[in-house]
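Presented below is the structure to which this report refers.
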Amino acid sequence: MALEAIQTVTQAEAKAKADREAAAVQAKQKLADAQREAKQIVEQARQRARGAARQMMAAAENKAAQLTQEELGRAEEDCETLRRNARNRLEEAAQLIVGRVVER
């Protein structure tokens, strides 16, 4: 009877040891799987961030180009106004010069 009890205890200890080892292997596998999944999630987040950054940069470049064109248009209008005013004054200046030359 004592021998059976010792064998039962030995078997139980062996089974417990095997269960602990199997649990340790399973835990390591789950940890490795979780780490791999975490790396994939991080990489996906980085890719989404890169895509969002590219979209924001493209939008900013488009807005800058639009503002540049608008400012160039305004500058062109201002230049044309200055040219018209200069042409109008050119006639007045020529008459003023002729008048002063004639008076001398």
Side-chain angles (χ1 to χ4, degrees):
M1 188 88 166
L3 188 57
E4 287 179 23
I6 291 173
Q7 287 178 343
T8 303
V9 170
T10 303
Q11 289 174 352
E13 287 177 346
K15 183 174 180 344
K17 182 179 178 185
D19 289 347
R20 278 194 307 273
E21 289 173 355
V25 168
Q26 188 178 19
K28 286 181 183 179
Q29 184 62 43
K30 285 184 179 183
L31 178 62
D33 291 344
Q35 287 175 336
R36 187 173 27 260
E37 185 178 342
K39 285 180 183 179
Q40 288 175 348
I41 290 170
V42 167
E43 184 58 32
Q44 289 171 353
R46 283 184 180 147
Q47 288 176 357
R48 284 193 302 272
R50 284 187 206 113
R54 280 192 295 270
Q55 288 177 348
M56 286 189 284
M57 287 298 293
E61 288 172 356
N62 289 339
K63 183 67 174 174
Q66 177 186 358
L67 293 173
T68 300
Q69 289 302 317
E70 290 173 4
E71 189 60 34
L72 286 173
R74 283 192 290 273
E76 183 62 34
E77 290 173 7
D78 291 346
C79 287
E80 186 56 36
T81 301
L82 290 173
R83 278 190 216 107
R84 272 194 308 262
N85 290 340
R87 282 188 203 113
N88 292 339
R89 290 185 180 174
L90 182 63
E91 183 65 32
E92 293 174 21
Q95 290 176 0
L96 181 66
I97 293 170
V98 168
R100 287 191 181 177
V101 169
V102 171
E103 289 179 5
R104 286 189 179 183

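Heavy-atom basis, side chains included; hydrogens, waters and symmetry copies ignored.
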Results of salt bridge (charged side-chain N to carboxylate O under 4.0 Å, His left out) for [X] - residues two or more places apart only:
X: Arg36; answer: Asp33
X: Asp78; answer: none
X: Glu43; answer: Arg50

**Prompt:** Please, which pairs that meet side-chain hydrogen bond (donor to acceptor under 3.5 Å, both in side chains) have at least one residue in residues 60-71, sequence neighbours excluded?
**Reply:**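 Pairs touching residues 60-71 that pass the test: Gln66-Glu70, Glu71-Arg74.
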Check: Going by the side-chain hydrogen bond (donor to acceptor under 3.5 Å, both in side chains) test, which pairs reach into residues 7-17, not counting sequence neighbours?
Finding: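 Qualifying pairs, neighbours excluded: Lys15-Asp19.
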Using the test side-chain hydrogen bond (donor to acceptor under 3.5 Å, both in side chains), find all partners of [X] that sit at least two apart in sequence or belong to another chain.
X: Arg83; value: Glu80
X: Glu91; value: Gln95
X: Arg84; value: Thr81

*What distance separates Glu77 CD from Leu72 CG, expressed to the nearest 0.5 Å?*
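Between Glu77 CD and Leu72 CG, I get 11.5 Å after rounding to 0.5 Å.
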### Message
Using side-chain heavy atoms (C-beta onward) and a distance below 4.5 Å, is Ile41 in contact with Glu37?
### Response
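Result yes, sub-4.5 Å side-chain heavy-atom pair found.
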